[in-house]
Amino acid sequence: MSGPPIMKWLCLFVLFLCMRCEANKPRRGRGSMWWGIAKAGEPNNLSPLSPSVLYMDPAVHATLRRKQRRLARENPGVLAAISKGASMAVAECQHQFKYRRWNCSTRNFLRGKNLFGKIVDRGCRETAFIYAITSAGVTHAVSRACAEGSIESCTCDYSHVDRSPHRARAAAAANVRVWKWGGCSDNIGFGFKFSREFVDTGERGKTLREKMNLHNNEAGRMHVQTEMRQECKCHGMSGSCTVKTCWMRLPTFRSVGDALKDSFDGASRVMMPNTEVEAPSQRNDAAPHRVPRRDRYRFQLRPHNPDHKTPGVKDLVYLESSPGFCEKNPRLGIPGTHGRACNDTSIGVDGCDLMCCGRGYRTETMFVVERCNCTFHWCCEVKCKLCRTEKVVNTCL
Amino acid sequence: MAGTIIENLSGRKLTVLVTFLLLCQVICFLIGGLVAPVPANAQNILGTICKDTSIMKNDTTKWYYYRGAGKCEKIDLDSIHHDVSERDIVFAFQMPVPRESQAYDYSRWQQNLIGVLQVDIRYHSQMEMTSRSAITIDARLAYRNKGDPDDAWKLYTQSTETRVLDCDIDIKSENYLYNCSAVPLFELGSLYHDYYLLNLRLPVDTPDMNAHIGHIQDLWVTVINQNGGFTKVWLSLKTVFFPCIIAILVWFWRRIHILERKPVLLEKMLLSLGIALCFLNAPIEYLTLQYDLPFMLLLGDIRQGIFYAMLFSFWLVFAGEHMLIQDTSAQSSLKQYWRHLSAVAMGCISLFIFDMCERGVQLRNPFYSIWVTDLGTNLALTFIILAGISTGVYFLFLCYMVWQVFLNISQRRQSLPSMSSVRRLRYEGIIYRFMFMMLATLLCAALTVIGFILGQVAEGQWKWDEDIELEYTSAFFTGVYGMWNIYIFSLLVLYAPSHKQWPANENTSDTQNLSEEHEFSPLPSERSEISSLTSFIRKTTID
């Protein structure tokens with residue numbers, strides 16, 4: 001008599017559990033595992049000199065989605081660039097957040113775990129920054145590799161040829177003509193497009209969190225593009241400026257990081273717009289069966305506070321407030337600020353009051369031997385003196 | 001009495017001609033804007049850092065490159081071994097960069113190659129670089145052609161050069177880069193071969209050499225080549241203009257030869273202007289498709305220089321011939337203009353010397369630049385300033401003369417009412433058409449200057465419409481080029497002597513005409529065949 005209801009409840013409970021894990025799992029968006037490549041490229045894992053070896057590495061293989069693997073296969077040399085870009089992004093993130101409670105620490109890279117820890121499960125500011133900087137890192141590194149010629153499959157022209165992998169072969173022949181007729185476009189074009197394809201894999205833009213990721217990835221790329229600086233050369237009659245050719249120079253990644261940090265400080269909290277995603281307007285009537293990929297990026301997020309202006313393409317967006325980073329929180333993978341160094345004279349976030357969250361700090365005086373008065377001789381010789389200096393080190397309790 | 005064609009052309013015919021020429025002008029502009037790509041293309045190339053494994057470091061048969069069989073061993077400057085010295089480090093630049101998994105090659109349509117060096121220097125608080133420090137570069141350029149084996153690089157040129165790095169930094173913090181301005185590296189006047197390879201080394205032969213350049217992180221070379229499409233459009237324009245101008249020149253000269261008198265100065269000037277334009281128009285760039293002609297950049301400068309010199313001289317003489325600074329009885333000659341023309345000559349000669357010092361020497365050593373040494377910079381600046389002063393003096397002269405002509409004409413206009421109606425109408429027409437030509441000249445000059453300024457301000461593409469992409473820079477070049485061709489074409493047509501006899505002279509029964517014929521008698525030699533405007537002014541001056 002009481003059997004069926006119990007079974008029913010049990011079923012419901014199991015179903016509920018399933019739904020929970022279903023709901024939990026894809027929350028952060030699914031395209032973030034490739035970050036692990038930053039650690040996979042480290043020398044103890046394999047030599048970054050040989051891209052083929054990098055591809056074969058099972059640790060790398062496991063971090064990539066199927067489409068990302070395909071992209072890596074189709075563009076030899078790109079994996080080394082991505083790896084470099086990712087580690088550059090991690091280093092830059094750690095530099096920018098050196099003096100903050102959250103210091104962009106990465107965990108030991110293990111299969112199936114996220115490089116930055118569980119913090120990326122939360123749609124907070126820090127996560128926004130991580131997405132943006134890694135996307136920027138890939139854009140930057142791939143553009144750079146194109147300039148070096150270590151990725152030979154960089155596209156020549158974007159304005160005329162619709163880049164789809166199947167038509168790439170036919171387009172290649174046409175592109176030789178393009179090159180001889182009007183030259184090739186800037187490398188950033190390929191870096192940008194490639195980053196979209198590679199980094200945004202799996203972010204379908206359906207849920208709000210995926211939209212947030214897409215937006216922040218795009219913001220990272222935009223920052224690389226807008227930080228580029230123009231250089232010109234006059235080469236007209238007798239070298240005069242009657243003919244002037246200009247080109248864009250790739251920024252240093254440090255300046256991209258600085259710009260993104262500014263965006264982090266001014267990031268806007270968003271929510272879903274009332275009207276659902278506007279119907280993807282068909283720009284290209286010739287291919288009505290396939291919604292153009294570009295439309296994934298055509299959405300507008302609404303600020304949480306209606307008084308604020310809507311976030312622009314270069315602004316970072318987040319969904320929920322950041323957790324406290326003071327105490328250790330294993331559930332979110334937060335190590336806490338115990339044992340962190342702080343600055344007792346500062347009143348900013350790196351100051352001991354804020355950094356140690358009012359727990360107090362320990363002051364130690366120690367003698368440090370460090371290099372000083374260096375002279376640099378090209379290429380490989382740095383002559384330094386060793387100086388013994390007294391240093392006061394404050395550590396959070 | 002016969003004059004030039006412009007004086008005898010009916011208003012309707014003139015309108016038709018001007019409309020036709022304007023149409024040609026618009027076509028020239030549109031060809032540049034719609035068909036041609038940007039004039040030049042720039043490609044950023046990041047230097048691959050290779051390890052020099054050879055024992056003899058001066059061996060120019062050993063080349064380092066990163067693509068193809070026999071590629072070098074790449075090293076990372078950040079994690080460098082202690083046994084590596086500066087002699088083991090080579091920055092390799094393979095041009096052009098591959099795209100679409102294909103090894104692109106240079107086409108001879110791409111004409112020339114200019115290299116610019118950019119240095120990424122990392123800031124270290126421990127070792128700040130001194131501003132304007134010199135960098136010494138051992139540069140070697142090699143070439144290879146299609147079908148050659150991957151390692152068959154042959155030496156093109158080699159040189160050790162010093163450049164001054166002009167760097168500053170906004171944020172003095174670790175790992176930031178100095179903001180260094182680009183330094184010119186090389187200029188190849190011909191792009192004859194398919195692939196080029198640049199190997200740069202930074203030698204330290206003396207303790208002071210390359211000592212204050214800071215921590216070099218990367219070297220970038222930006223190579224600029226003329227676009228093949230632009231060359232094709234440009235050459236097509238030349239191929240069209242060249243025979244047109246030749247034909248009109250022949251026609252012009254035949255017309256003058258039919259006359260009984262000798263050609264006057266203005267006609268000689270017109271002829272030489274036409275010849276200078278033909279020299280500029282001659283599509284000798286076709287030869288570069290077959291032969292290696294590194295002097296083409298220099299020759300291009302010289303051709304343009306000659307044309308501008310002739311155009312400027314022509315304007316002077318044109319204004320002067322309508323001003324009567326000379327003795328009316330004598331046949332005017334160039335000697336009377338020596339003061340004015342010396343300004344033109346001076347400017348041209350100083351620019352020519354400068355060009356020979358820069359692009360002339362580059363024929364021998366493509367890495368040479370006059371701007372890198374202080375002496376060279378001063379010398380170059382001297383010549384350029386001299387040319388600038390000459391241009392200023394020239395324009396002062398020209399403006400003064402044009403002002404005089406207008407003064408003259410307005411004076412003569414006052415005496416017009418006393419003339420017979422037929423003659424008055426004719427003279428008014430002549431003055432109008434002279435003004436018309438002056439206006440055309442001014443318009444051409446103004447359009448050139450405005451177009452140039454707009455191009456500098458707008459930078460790049462202009463969009464009037466979403467669908468129409470107008471390549472403004474190319475449109476400006478083809479437009480201006482076409483404009484001066486059309487200008488000179490119309491000068492040759494309109495200032496050629498006319499065969500038409502003035503009907504008023506023959507079938508008029510006006511008695512006043514007789515007396516006016518009589519008035520002309522002091523100038524019998526110029527009665528029939530000189531430009532009637534000139535004779536008109538001369539006559540009234542004598543009055």
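Within every chain, numbering begins at 1; the chains are lettered A, B, ... in the order of the sequence lines, protein sequences first and strands thereafter. Here the structure is a predicted model, which means the values were calculated and not measured.
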### Message
Once disulfide bond (SG atoms under 2.5 Å apart) is applied, do any residues pair with Cys348(B), and if so which ones, sequence neighbours excluded?
### Response
none

Tell me whether the count of non-hydrogen atoms from other residues, nucleotides or ligands lying under 6.0 Å of [atom1] in [X] goes above 12.
X         : atom1 : result
Arg87(B)  : CZ    : no
Lys84(A)  : NZ    : no
Lys232(B) : NZ    : yes
Phe352(B) : CZ    : no

Between [atom1] of [X] and [atom2] of [Y], what distance do you get to the nearest 0.5 Å?
X         : Y         : atom1 : atom2 : result
Ile302(B) : Met237(A) : CD1   : CE    : 9.5 Å
Asp258(A) : Tyr176(B) : CG    : OH    : 3.0 Å
Asn44(B)  : Met248(A) : CG    : CE    : 10.0 Å
Ile114(B) : Thr245(A) : CD1   : OG1   : 7.5 Å

Select one option (side chain, backbone, both, neither) describing which atoms of [X] are under 4.5 Å from chain A's heavy atoms.
X         : result
Ala40(B)  : both
Thr222(B) : side chain
Glu358(B) : neither
Asp218(B) : side chain
Asn112(B) : neither
Val221(B) : neither
Tyr308(B) : side chain
Ile224(B) : side chain
Ile216(B) : both
Phe230(B) : backbone

Can you see which heavy atom on [X] is nearest to which on [Y], and at what distance?
X         : Y         : result
Gln110(B) : Trp179(A) : NE2-O, 3.4 Å
Arg99(B)  : Cys154(A) : CD-O, 3.1 Å
Arg249(A) : Val119(B) : NH2-O, 3.9 Å
Phe477(B) : Thr242(A) : CZ-O, 3.1 Å
Ala42(B)  : Trp247(A) : CB-CB, 3.9 Å
Glu100(B) : Cys156(A) : OE2-N, 2.8 Å

### Message
Does anything in residues 139-152 of chain A reach chain B? List residues with heavy atoms under 4.5 Å apart, or say none.
### Response
Arg144(A), Cys146(A), Ala147(A), Glu148(A), Gly149(A), Ser150(A), Glu152(A)

Of all of [options], which one pairs up most often with chain A through heavy atoms under 4.5 Å apart?
options                                   : answer
Ala103(B), Ala92(B), Pro39(B), Ser107(B)  : Ser107(B)
Met209(B), Arg359(B), Gln43(B), Glu187(B) : Arg359(B)
Leu202(B), Ile45(B), Leu177(B), Thr48(B)  : Leu202(B)

#### Entry: Partner residues of Asp350(A) under the side chain to side chain contact (heavy atoms under 4.5 Å, CB included) criterion, sequence neighbours left out
Tyr99(A), Asn343(A), Ser346(A)

### Message
Please enumerate all residues that pass side chain to side chain contact (heavy atoms under 4.5 Å, CB included) together with Asp52(B), with sequence neighbours excluded.
### Response
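If we apply the side chain to side chain contact (heavy atoms under 4.5 Å, CB included) test to Asp52(B), skipping adjacent residues, the hits are Ser54(B), Lys57(B), Tyr64(B), Val90(B), Arg201(B).
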
### Query
Val233(B) versus Trp181(A): any side-chain heavy-atom pair under 4.5 Å?
yes

### Message
Under a 4.5 Å cutoff for heavy-atom pairs, which residue among Lys233(A), His235(A), Lys180(A) has the most contacts with chain B?
### Response
Lys180(A)

### Message
Could you go through Tyr104(B) and Val176(A), starting from their C-alpha distance and side-chain angles, then the distance that decides it, and tell me whether this counts as side chain to side chain contact (heavy atoms under 4.5 Å, CB included)?
### Response
CA-CA 7 Å; Tyr104(B) 280 19; Val176(A) 176; 3.9 Å; yes

